[in-house]
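Values below: every heavy atom of this structure, side chains too, minus hydrogens, waters and symmetry copies. Protein chains get the first letters and strands the later ones, always in sequence-line order, with residue 1 at the start of each.
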Amino acid sequence: MENNLTVYNTLSRRKEKFEPMNPPFVGMYVCGPTVYGDAHLGHARPAITFDLVYRYLKHIGYKVRYVRNITDVGHLEHDADSGEDKIGKKARLEQLEPMEVVQYFTDRYHQNMSALNVLSPSIEPKASGHIIEQIEMIRKILEAGFAYEVNGSVYFDVVKYNQNHNYGILSGRVLEDLMTATRELEGQEEKHNPADFALWKKAQPEHIMRWPSPWSDGFPGWHLECSAMGTRYLGEQFDIHGGGMDLLFPHHESEIAQSVAANSKAPVKYWLHNNMITLNGQKMGKSLGNAISLFDFFAGNHNLLQQPYSPITIRFFILQAHYRSTLDFSNEALQAADKGLKKLMAALATLDKLAVSEKSTSNITELRKKCYDAMNDDFNSPIAIAQLFEGVRIINSVKNKKETITDTDLEILKKTMIDFVFEILGLKQEEAGRSNELIDELMGTILILRQKARESKDFATSDLIRDHLAKLNIIVKDTKEGVEWSLEE
RNA sequence: GGUACCGUGACCGAGUGGUUAGGUAGCGGUCUGCAAAACCGUCGACAGCGGUUCGAAUCCGCUCGGUACCUCCA
């Protein structure tokens, strides 16, 4: 398949031409959420970034299998020094079954994703549903001699692996540095080396989430699920693996090591990493206490928020920055995004009302090409959006009779705007309120009365009507074509 | 300390060795009874210091400042 897409591959630290292994098929795996709490703004970034990638690959004709996992087993809490299972702990505190907690937050995550217009992945596997695959992978790694068992736990032998392979190929880490930098931690004594990591952990008696295995009743190690599920659904080698930059090391580095140890093959051709969202220059993270949940954003329910921000505004805000740059949150920035988005959507509504002429004053074909060029350059959505605003300018100018457009060009412009805004960027028109026939008729009546007042130069009355409607968030505009009204948020 | 990276105008945020980013805000104008919207014009930047070059915000070095990772959190 022909394409001009280039992607920045973390593995090579440069942009590379995108050439999938088995075109037109593309396999893509992205690290999904840990469902022990609500998603915050930081979680929205990878979801939206790889939604964009997914949408664009499909748009240019690829058949994409997109796998995004749900992590629901066996991971430790940041501030818990007891080595206690993250989901297990929450469950005990609230007297709930662990899977009840998982179900609750999975549903809420899906609600958030749906609101953000993030498409469902092709497959959304749960770690808890793939214990067998993970045990099998551990067995293969043990057989290959890259792991060892101690007291019912199994650890990956990083030092041995690094003798014939490169543990650090993705992150640039040097093993010798890791050995000296690693701190002493509880449970470390079982490992042969501080850089080793767990493939299987024997569960303590109080540990709720546990599964039988050849080594002990326990749970799989942190990095294993992604390797096992990626292999299961995409094969031993697939095209794209995505995730946040914070996962680069040790998570993704260890995923590579596990797959190479088990299958003797580098698992992924292109590693893509999105950058963080920052708040006052610092990463937004739950453990840092500066995370604002998506539900709070939508409701405006947080002391750092001056107002609610709609899901699509947040999506647009995120897409206005390139995915590999940090993006700094502020009310000012979000409000700017909100206004820009409204302007874009208003222009799209105008698109159907434009009159055509004999010739075009703008080069529409060139505009369309620039949009594709932007996306082909490592999914540069901010450039694509800048081009779409050029389209907005043209639309408004044609409406104001400052520019003209042929009907062929108008069709191209419509297609470009609709393809990019809705299909590729995944934006959508948000209904501020329910409109219906009764409201339309009532508004029609009111505006006739106002028009009468205006015609008789009774501006006090006409302004009174407009002001009162404004209090109901109904905005009245007198344009050359007549009066327009719209319901604002 | 190690690894990766960043520092752009009021704010957010692109970018290329020599030509407009874009959005929001401001200013001036057009339109309007007014307002809004829209359009036109405009202000305004490349952390600092050197170096390479005919020419650097874009390449190199140093300095200063910031971020992420280096935790059995995924």
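Checking B:rA38, B:rG13, B:rC69 against every side-chain atom of A:D328, the shortest atom distance belongs to B:rG13. Side-chain proximity of A:Y8 to the nucleotides B:rC5, B:rC73, B:rG33 is greatest for B:rC5. Of the candidate nucleotides B:rG33, B:rU71, B:rA37, B:rA37 has the atom nearest to the side chain of A:K477. When distances are taken from the side chain of A:E332 to each of B:rC11, B:rG33, B:rC39, the shortest belongs to B:rC11. Picking from B:rC39, B:rA14, B:rC34 the nucleotide with the shortest atom distance to the side chain of A:H322 gives B:rA14. Listed nucleotides B:rC39, B:rC5, B:rC70 differ in distance to A:R13; the shortest reach to its side chain belongs to B:rC5. The side chain of A:P382 lies closest to B:rA14, out of B:rA14, B:rG22, B:rC39. If you check B:rG22, B:rG33, B:rA14 against the side chain of A:A386, the one that comes closest is B:rG22. With distances taken from any side-chain atom of A:A336 to the nucleotides B:rC70, B:rG23, B:rG33, the minimum falls on B:rG23.
When rounded to the nearest whole Å, the span between CG of A:N331 and C1' of B:rG23 equals 17 Å. Going from atom CG of A:N275 over to atom C1' of B:rG13 covers 13 Å, rounded to whole Å. Atoms CZ (A:F105) and P (B:rC73) sit 19 Å apart, rounded to a whole Å. For the pair A:I383 CD1 and B:rG23 C1', the computed distance is 13 Å after rounding to whole Å. A straight line from CG of A:D373 to P of B:rA14 spans 18 Å, rounded to a whole angstrom. Distance CD (A:E366) to P (B:rU20): 15 Å, rounded to an integer number of Å. The distance between atom CZ of A:F389 and atom P of B:rA14, rounded to the nearest whole Å, is 15 Å. One can place CD1 of A:I318 at 12 Å from P of B:rG13, the figure rounded to the nearest angstrom.
Aromatic ring orientation, A:W271 versus A:H252: tilted (interplanar angle from 30° to 60°).
With a cut-off of 3.5 Å on both Watson-Crick or G-U wobble distances, the partner of B:rC69 is given as B:rG2.
Across all strands shown, A:R466 has heavy atoms under 4.0 Å from base atoms, whether or not it also approaches the sugar-phosphate. Using a 4.0 Å heavy-atom criterion, one finds that A:K457 contacts no nucleic acid atom at all. Looking at heavy-atom distances under 4.0 Å, A:L248 makes no contact with the nucleic acid at all. Nucleic acid contact for A:L388: none, since no nucleic acid atom lies under 4.0 Å from a heavy atom of the residue. Note on A:A198: a base of the nucleic acid sits closer than 4.0 angstrom, heavy atoms only. Counting any heavy atom pair closer than 4.0 Å across all strands shown, A:V174 reaches no nucleic acid atom. At the heavy-atom level, A:P250 lies under 4.0 Å from base atoms of the strands shown. In this structure, A:F459 reaches the bases: a heavy-atom distance under 4.0 Å links it to at least one base atom across the strands shown. Within the nucleic acid shown, A:K283 comes within 4.0 Å of sugar-phosphate atoms alone, with no base atom in reach, counting heavy atoms only.
Taking atom P in both B:rG13 and B:rG18, one finds a spacing of 24 Å when rounded to whole Å. Taking atom C1' on both B:rA25 and B:rU42, the two are 14 Å apart, rounded to the nearest angstrom. Between the P atoms of B:rG15 and B:rA21, the separation comes to 14 Å (whole Å). Taking atom P on both B:rA36 and B:rC43, the two are 24 Å apart, rounded to the nearest angstrom.
Taking 4.5 Å as the limit, some side-chain heavy atom of A:M375 sits within range of a side-chain heavy atom of A:F420.
Between the side chains of A:D38 and A:S293, no donor-acceptor pair of N or O atoms lies under 3.5 Å. Under the 3.5 Å distance criterion, with hydrogens and angles disregarded, no donor-acceptor pair is assigned to the side chains of A:Y8 and A:H322.
Counting atom types as modelled, A:R173 pairs a side-chain N or O with a base atom of B:rC69 as donor and acceptor under 3.5 Å. If you check distances only, the side chain of A:R393 never reaches the base of B:rC40 with a donor-acceptor pair under 3.5 Å.
Between A:S325 and B:rA14 there is a side-chain polar atom (N or O) within less than 4.0 angstrom of OP1 or OP2. Dashed line: the shortest gap from a side-chain N or O of A:K339 to OP1 or OP2 of B:rG23 is not under 4.0 Å. Between A:K343 and the phosphate of B:rU24, there is a side-chain N or O to OP1/OP2 separation shorter than 4.0 Å. Between A:N396 and the phosphate of B:rC39, there is a side-chain N or O to OP1/OP2 separation shorter than 4.0 Å.
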Problem set entry | Derivation of the salt bridge (Lys or Arg N to Asp or Glu O under 4.0 Å) call for A:K370 and A:D373 | CA-CA 5 Å; A:K370 283 180 176 174; A:D373 288 348; over 6 Å; no
For this session: With side chain to side chain donor-acceptor pair (under 3.5 Å) as the test, would you mind laying out the steps for A:N331 and A:Y309 before giving the verdict?
Result: CA-CA 9 Å; A:N331 281 283; A:Y309 298 99; 2.5 Å; yes
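Between A:L327 and A:F316, the residue anchored closer to the 5' end of RNA chain B is A:L327, taking for each the nucleotide with the nearest heavy atom. When the nearest nucleotides of RNA chain B are assigned to A:L341 and A:P33 by heavy-atom distance, the more 5′-ward of the two goes with A:L341.
In this structure, A:D51 does not pair ionically with A:R68, as no charged nitrogen and carboxylate oxygen lie closer than 4.0 Å. A salt bridge links A:D338 to A:K342: at least one charged side-chain nitrogen sits closer than 4.0 Å to a carboxylate oxygen.
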